[in-house]
K.L.:
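Can you keep this structure in mind? I'll have questions shortly.
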Amino acid sequence: MQLLLIHSDYIEYNVKKSTPVAEKIEESLKSGRLEEVLAAFIAVESVDEPNPDETVKRVVEEIEKVTVQVKAERIMLYPYAHLSSDLSSPKVAVSVLKDIEKALSSKYEVMRAPFGWYKAFKISCKGHPLSELSRSIRPSEAKVVSTAGAPEGETEDVVSEALKAESTARSYWHILTPDGELHSVDDFDYSEHENLKKFVDYEITKNRAVEKAPPHVELMRRLEIADYEPGSDSGNMRYYPKGRLIKSLLETYILEETSKIGAMEVETPIMYDMNHPTLKKYLDRFPARQYSIESDKRHLFLRFAACFGQFLMNHDMTISYRNLPLKMVELTRYSFRKEQRGELVGLRRLRSFTMPDMHTLCADMDHAILQFSEQYEMCINVLDKIGINIDDFEVAIRFTRDFYEANRDFIANLSRRVDKPVLVEMWDKRFFYFVLKFEFNFVDALAKASALSTVQIDVENAERYDINYIDNDGEAKRPVVLHSSPSGAIERCIYGLLEKAAMKAEKGFVPMLPVWLSPTQVRFIPIAERHIEYAKKVSEQLTCRVDIDDREDTVNKKIREAGREWVPYVVVIGDREIENGTVNVTIRSESQPNAPKKLEMTPEELNSRIMSEIEGLPYRKLALAEFLSMRPKFI
RNA sequence: GCCGCCGUGGCUUAGCCCGGUAUAGCGGCUGAUUCGUAAUCAGCAGGUCGAGGGUUCGAAUCCCUCCGGCGGCUCCA
């Protein structure tokens, strides 16, 4: 059975002439019209003959599923022999069609175009991504496969052309070394580049051996950063105060950095009209699945990046060559991608996430390449400040062969800058909207890789969105557009930091977050109740996030808990401190398991030490009560 | 989405194979203790055993469906 489903404003047909296999019909069936209809073009095939009932059952299920999905009200069954070169006998075909009609008509308004007639027909396809679907239904396998060549299991989703293209794209993989040489992926000596090996395995050979849960999942909960939210859809997390604090600091930091290079912060809607002509085409070029929502009249989808909003804005702007490069940035809280269930993991892969999305309009390719280099540099620095260093990620650079031929030196420099070999993927032709992109891929405790920062040179969307600038000769010209996410998803940065800490712990180091991101920077532990007041007084001399463990527990227990919370500086306060005015500080970053590094210093010294560590980075106050006795438990 | 494993008070968990409404620790509350660097002691409260259906006199336990989590496939910020 071959099935072509088209969600249409209307379909109408008129019988013209009978063929030798025509079924006898009443006059009233010689023409028909349905509106707001799912048109099902059907070819019954010879393979359906042995078990027509099974075919009927499954095709009915399939049509129903799509009908519900697109919210169609009516169904037109339309025999269409041209879908197959291996048709069943007309007799079987007619009986199958009648059975389908019977099964569906209990629930929907169904019309069946007569079999075996030449018919004229008019159809008005709605044109949203779900509006055109094809299915092959094969007996015995009990599986539905798409005829469009998409992998199995994707047929029920909105599958963009870009997703399909990706499965047919031909990639050539190489390792690019800082000297500019391309090496074979198979023969390259990875002995000094263990992580690159893991990354290459992950990207290409796809062999994975681990069966553990990723460490960050337990950590994000234990540290009360984030958690699953069963009341929402999978992949939509809740963030506790500490998690919100960390996210907020990261968001602020990235916006500050993009502002430094002249990006203008904007805000655009999170939902868009699926039938908007420009967006529809763009949907087809972006490899992601969307959440779709039904509004009163419109069929909307939730954005998966800030591209649309900014491009639509660019379209309406008057831009002079003097304004270039023109940068706009938005922190998308949220971007939505309806990833497949099995792809979701903790904070690594989500269905809603926060991502800085910056776009740069450049006069031409030369300028774009210049900007690309600058932003490559910025991404390295941003991740470094966040706490993810060059050693923690692997670089992937992807480009078309043409681009490579024209820019060999430039590309070699990308490897030189990080001073290590990088993975290269080269396409013999352009499948996507970009000709060049890089990603920084974090390789986690289980040898899984995920992209963080990325910059892409887009040669397609200026045209698609009709974005132009006026050059000095007075002519309107198309800019080249850069897409950039300096840090990648904020949640994924947190995932990276937690995984990195877990890997350190595994190697026998004491795990912690960067001081500027630690929810508590200094914990005061008064020995007895009478020391609380003094602790409070000293804490006021510090200009960072200090809290006081005033609970009625033993000092030992409070120390242990401060350690479990990864507090960078722990200060025990008792009679001695009151006497000599100093504080006894345990410094986590210099401690080893079972060997705390303790230092006696004045409150001023402690404060200036911390100030120098967080200098130039965003700061926010405590996200929770200063006194631990006042804090609720979230987990 | 497909395949596999898993789902017991807020958290970690015993019991499940061989059906008889549940075990312990942490956390919470109350009391005692006011303590100098990785869990002070005692008492109390807290569970429709992920949800729904089925088998049975009886289901946490056996069967089915669904939901959620993890792993694999696939995919990405």
Side-chain angles (χ1 to χ4, degrees), chain A residues 143-144 150-157 159 163 166-167 202-203 206-214 217-218 221-222 224 227-235 286-289 304-306 332 334-335 337-357 439-442 446 448-454 456 483-493 495-496 510 525-532 552-564 570-577 584-586 591 593-598 632-635:
Chain A
K143 272 193 182 138
V144 180
E152 281 180 24
E154 294 191 352
T155 50
E156 289 151 20
D157 284 316
V159 178
L163 271 186
E166 195 145 19
S167 63
Y202 186 81
E203 278 285 315
K206 317 267 185 197
N207 62 3
R208 279 150 237 190
V210 252
E211 282 187 6
K212 282 187 293 182
V217 173
E218 195 231 316
R221 305 187 69 231
R222 213 202 69 210
E224 294 192 330
D227 206 346
Y228 299 108
E229 175 49 77
S232 180
D233 191 24
S234 307
F286 197 93
R289 296 171 177 80
F304 39 83
T332 64
Y334 290 101
S335 288
R337 300 191 186 176
K338 203 164 182 324
E339 308 294 2
Q340 299 180 78
R341 269 294 314 278
E343 294 167 359
L344 303 168
V345 198
L347 289 174
R348 184 163 91 94
R349 197 101 196 275
L350 297 166
R351 280 182 173 167
S352 66
F353 57 96
T354 305
M355 175 181 68
D357 202 359
E439 312 128 30
F440 293 152
N441 290 273
F442 182 82
L446 307 181
K448 287 175 189 297
S450 354
L452 291 166
S453 318
T454 182
Q456 305 161 4
H483 299 240
S484 167
S485 188
S487 61
I490 303 293
E491 295 83 355
R492 192 172 274 187
C493 290
Y495 142 83
V510 178
I525 299 179
I527 286 173
E529 235 174 275
R530 65 175 182 278
H531 303 119
I532 293 177
E552 287 188 52
D553 284 315
T554 58
V555 172
N556 276 340
K557 182 163 179 181
K558 292 179 187 180
I559 298 273
R560 178 172 194 267
E561 293 208 350
R564 279 175 61 83
V570 178
V571 176
V572 176
I573 297 223
D575 293 337
R576 286 210 292 272
E577 283 70 24
N584 203 332
V585 187
T586 304
S591 298
N594 305 316
K597 162 84 177 181
K598 283 182 278 182
K633 284 207 156 47
F634 286 87
I635 301 280

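Here is the naming used below: chain letters follow the sequence lines, and residue numbers restart at 1 for every chain.
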K.L.:
Give the nucleotide from the list B:rC35, B:rA38, B:rG71 with an atom nearest to the side chain of A:P214.
P.N.:
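Per side-chain heavy atoms of A:P214, the pick is B:rG71.
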K.L.:
Which nucleotide wins on minimum distance to the side chain of A:E552, given the candidates B:rU33, B:rG69, B:rU40?
P.N.:
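Between B:rU33, B:rG69, B:rU40, the one nearest the side chain of A:E552 would be B:rU33.
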K.L.:
So which nucleotide from B:rC76, B:rG71, B:rU37 ends up closest to the side chain of A:Y202?
P.N.:
B:rC76
K.L.:
When you get a sec, tell me which of B:rU37, B:rU74, B:rC70 is the closest nucleotide to the side chain of A:V345?
P.N.:
B:rC70
K.L.:
Can you tell me which nucleotide in B:rG68, B:rU40, B:rC35 comes closest to the side chain of A:R341?
P.N.:
B:rG68
K.L.:
Looking only at side-chain N and O atoms, does A:Y334 offer a donor or acceptor that is under 3.5 Å from a partner on A:T354?
P.N.:
no
K.L.:
Kindly point out which of B:rC35, B:rA77, B:rA39 is positioned nearest to the side chain of A:K557?
P.N.:
B:rA39
K.L.:
Output the single nucleotide from B:rA77, B:rU37, B:rC11 whose closest atom is nearest the side chain of A:A451.
P.N.:
B:rA77
K.L.:
Report the distance from atom CG of A:N556 to atom P of B:rU37, rounded to the nearest whole Å.
P.N.:
7 Å
K.L.:
Check this for me, if you would: do A:R351 and A:E339 make a salt bridge, where the nitrogen-to-carboxylate-oxygen distance has to be below 4.0 angstrom?
P.N.:
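Result for this pair is no, no salt bridge flagged.
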K.L.:
Please compare A:L344 and A:E439 by the position of their nearest nucleotide in RNA chain B and report the one closer to 5'.
P.N.:
A:L344
K.L.:
Side chain of A:R221: nearest nucleotide among B:rG1, B:rG36, B:rC11?
P.N.:
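Comparing B:rG1, B:rG36, B:rC11 against the side chain of A:R221, the answer is B:rC11.
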K.L.:
Consider the side chain of A:Q456, meaning its heavy atoms from C-beta on, and name the nucleotide among B:rG36, B:rA77, B:rA39 that approaches it most closely.
P.N.:
B:rA77
K.L.:
For B:rU37, give its Watson-Crick or G-U wobble partner with both distances under 3.5 Å, or none.
P.N.:
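B:rU37 is paired with nothing.
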K.L.:
Evaluate the side-chain contact (heavy atoms from CB on, under 4.5 Å) criterion for residues A:V345 and A:K448: first the C-alpha distance (whole Å), next the side-chain angles of each, then the deciding distance (0.1 Å), finally the verdict.
P.N.:
CA-CA 11 Å; A:V345 198; A:K448 287 175 189 297; over 6 Å; no
K.L.:
On RNA chain B, check which nucleotide each of A:D553 and A:G488 is closest to and give me the residue with the more 5' one.
P.N.:
A:D553
K.L.:
Counting heavy atoms from C-beta on, name the nucleotide in B:rA77, B:rG69, B:rG36 closest to the side chain of A:Y228.
P.N.:
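For the A:Y228 side chain, the nearest candidate turns out to be B:rG69.
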K.L.:
Check the phosphate of B:rA38 against A:K598, side-chain N and O only, distance under 4.0 Å to OP1 or OP2. Yes or no?
P.N.:
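Indeed not, no polar side-chain atom of A:K598 lies that close.
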K.L.:
Less than 4.5 Å apart, side chain to side chain, heavy atoms only: is that true for A:R492 and A:L452?
P.N.:
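SC-SC contact between A:R492 and A:L452 confirmed.
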K.L.:
Considering only NZ, NE, NH1 and NH2 on the basic side and carboxylate oxygens on the acidic side, decide whether A:D553 and A:K558 come within less than 4.0 Å.
P.N.:
no
